[in-house]
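Some notes on the structure that comes next.
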Number of protein chains: 2
Amino acid sequence: MSTEERLGTQERLVRSTQELLWERGYVGTSPKAILERAGVGQGSMYHHFSGKSALALAALRRTAQTMQQTAEECLGGPGTAYDRVAAYLTRERTVLRGCPIGRMTQDRDVVQNPELRTPLDQMFDWLRGRIADVLAEGQRRGELAAALDPVATAATVAAVVQGGYVLARAADDPAPFDAAVQGVLALLAAQVTSVGATGDRD
Amino acid sequence: MSTEERLGTQERLVRSTQELLWERGYVGTSPKAILERAGVGQGSMYHHFSGKSALALAALRRTAQTMQQTAEECLGGPGTAYDRVAAYLTRERTVLRGCPIGRMTQDRDVVQNPELRTPLDQMFDWLRGRIADVLAEGQRRGELAAALDPVATAATVAAVVQGGYVLARAADDPAPFDAAVQGVLALLAAQVTSVGATGDRD
DNA sequence: GTCTATATCAGGATAGAC
DNA sequence: GTCTATCCTGATATAGAC
């Protein structure tokens, strides 16, 4: 008995929806496709969820939550601020699949629906804030140049990842993603202070 | 008589398709919507184009061409390499609408169709190459640090724009786009050599 | 070249039996 | 809770008249 089969109906529906939204987007995902992948009947689906958008909302919340945890594992890890940002940028990714959250950003029905947009908004807002915190902490420790703007730089880092996916998918090749990441890491490395600097040590 | 009305049927169809692809993506755009916006009948449309994908191909080629021209106006302009990249990054944009080419990257049917993907691929390939050329030229002139990797940095610049759109649409606010651009410009500014440097002058 | 049928299938959901 | 039947609309295209 597979893991999938032992899960509850509701859980299987949410997971199917997560997968399909990632692969096909919101417009491209039909209730029929969801229930077929989940292996449940139509009546079953409409019993647990009011319809497509309710299913999508549950799926997006789940995906955003998972992505946040994954990012936190890198950004909350050990090392300097540069190390932690580098860990986030270079963590293993299935580049050509793109970002399951960033992708939804291109879906009209999602962006125009405040409820559906909220998980995306919160996720990216948290991400930029978290990266900015890491960078600001690096500055306080004297690791990074004081002139660096943590908030703007955090947006840049997050944008490089999302834009890297776009470039890679256009090329059908992960190379542009990797190049973009290496490019921003090199620029960031130039902001790393060479000496232990002015940090207070006991 | 409006400009639209005096155009030929074929031309009106292509323009309608360009608009709709930008707004709704490929899956979200129906032949019916195209012909209604163009103000032509169904028979007319299938006379000039074999179907939806042929129409999309014509539209994407046109859009990519226009975008390339727009980018060239900035990147081929006057000033230092930094100035020209900055001109590209900060040129006026309707940020919340996103990039009409980058958007298609999230459309399964487009990316999986080699013919439809080609215009996207060529456009971004050209863009990264053009930015890399500008940066390399800046290095030869002694404007930019020799250690900078023009190819990787070019990918970063292109990614920041595409990713900036994603962040802005998630937030329903252009601010993250602007922040990402300012962030990468500040990082790039740190690569500008302070002196006229080693350039040969007559 | 353009128009109006016509055809087929999928999307998205409701109804009511079990 | 789950199933099957049914409904209505739209997507995508073909046919053949004008």
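Chain A is the first sequence line, chain B the second, and so forth, proteins listed ahead of strands; every chain is numbered from 1.
For the segment residues 46-62 of chain B, the set of residues with a heavy atom within less than 4.0 Å of an atom of DNA chain D comprises Tyr46(B), Gly51(B), Lys52(B), in numerical order. Listed by residue number, Thr29(B), Ser30(B), Pro31(B), Lys32(B) are the residues of residues 25-33 of chain B with a heavy-atom contact under 4.0 Å to DNA chain D. DNA chain C is contacted by no residue of residues 110-117 of chain B, taking any non-hydrogen atom closer than 4.0 Å.
The CZ atom of Arg103(B) lies 14.0 Å from the OH atom of Tyr26(B); values are rounded to the nearest 0.5 Å.
Considering every non-hydrogen atom in both Ala38(A) and Leu13(A), the closest pair reads CB-CD2, 3.9 Å. Taking all atoms of both residues into account, the shortest heavy-atom contact from Pro119(B) to Leu57(B) is CG-CD1, 4.2 Å. Considering all non-hydrogen atoms of both residues, Pro176(B) and Asp173(B) come closest at CD-O, 3.0 Å. Closest approach of Val110(A) to Leu120(A), counting heavy atoms only: CG1-CD1, 3.9 Å. Considering every non-hydrogen atom in both Thr29(A) and Arg24(A), the closest pair reads OG1-CB, 3.9 Å.
For Ala87(A), the side-chain contact (heavy atoms from CB on, under 4.5 Å) partners at least two apart in sequence or on another chain are Cys74(A). When the side-chain contact (heavy atoms from CB on, under 4.5 Å) test is applied to Leu35(A), the partners found at least two apart in sequence or on another chain are Val40(A), Gln42(A), Met45(A). Every residue meeting the side-chain contact (heavy atoms from CB on, under 4.5 Å) condition with Asp172(B), not counting sequence neighbours, appears here in chain and number order: Arg117(A), Leu96(B). Taking the side-chain contact (heavy atoms from CB on, under 4.5 Å) definition, one finds that Gln191(B) meets it with Leu187(A), Ala190(A), Leu144(B), Ala145(B), Leu148(B), sequence neighbours left out.
With a heavy-atom cut-off of 4.0 Å to chain B, the contacted part of DNA chain C has its first and last nucleotide at dG1(C) to dA5(C).
The ring-ring contact (aromatic ring centres under 6.0 Å, His included) pairs that include a residue from residues 162-181 of chain B are Tyr165(B)-Phe177(B), where partners are two or more places apart or lie in different chains. Listed by first and then second residue, the side-chain hydrogen bond (donor to acceptor under 3.5 Å, both in side chains) pairs that reach into residues 146-159 of chain B come to none, sequence neighbours excluded.
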* Asked: Passes salt bridge (charged side-chain N to carboxylate O under 4.0 Å, His left out), Glu73(A) versus Arg84(A)? Steps please.
  -> CA-CA 9 Å; Glu73(A) 282 173 19; Arg84(A) 293 154 74 188; over 6 Å; no
* **Pairing string, 5' to 3', for DNA chain D - Watson-Crick or wobble contacts under 3.5 Å, brackets [ ] where pairs cross, | to another strand** => ||||||||||||||||||
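In this structure, the CD atom of Gln42(B) is 11 Å from the P atom of dA11(D), given to the nearest Å.
Comment: Glu11(B) engages Arg62(B) in a salt bridge, judged by a side-chain N to carboxylate O separation of less than 4.0 angstrom.
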Side-chain donor-acceptor distances from residues 121-138 of chain B under 3.5 Å, at least two apart:
{"from": "Arg130(B)", "atom 1": "NE", "to": "Glu72(B)", "atom 2": "OE1", "distance (Å)": "2.7"}
{"from": "Arg130(B)", "atom 1": "NH2", "to": "Glu72(B)", "atom 2": "OE2", "distance (Å)": "3.1"}
{"from": "Glu137(B)", "atom 1": "OE2", "to": "Arg141(B)", "atom 2": "NH2", "distance (Å)": "2.6"}

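Gly41(A) comes within 4.0 angstrom of the backbone, heavy atoms only, and of no base.
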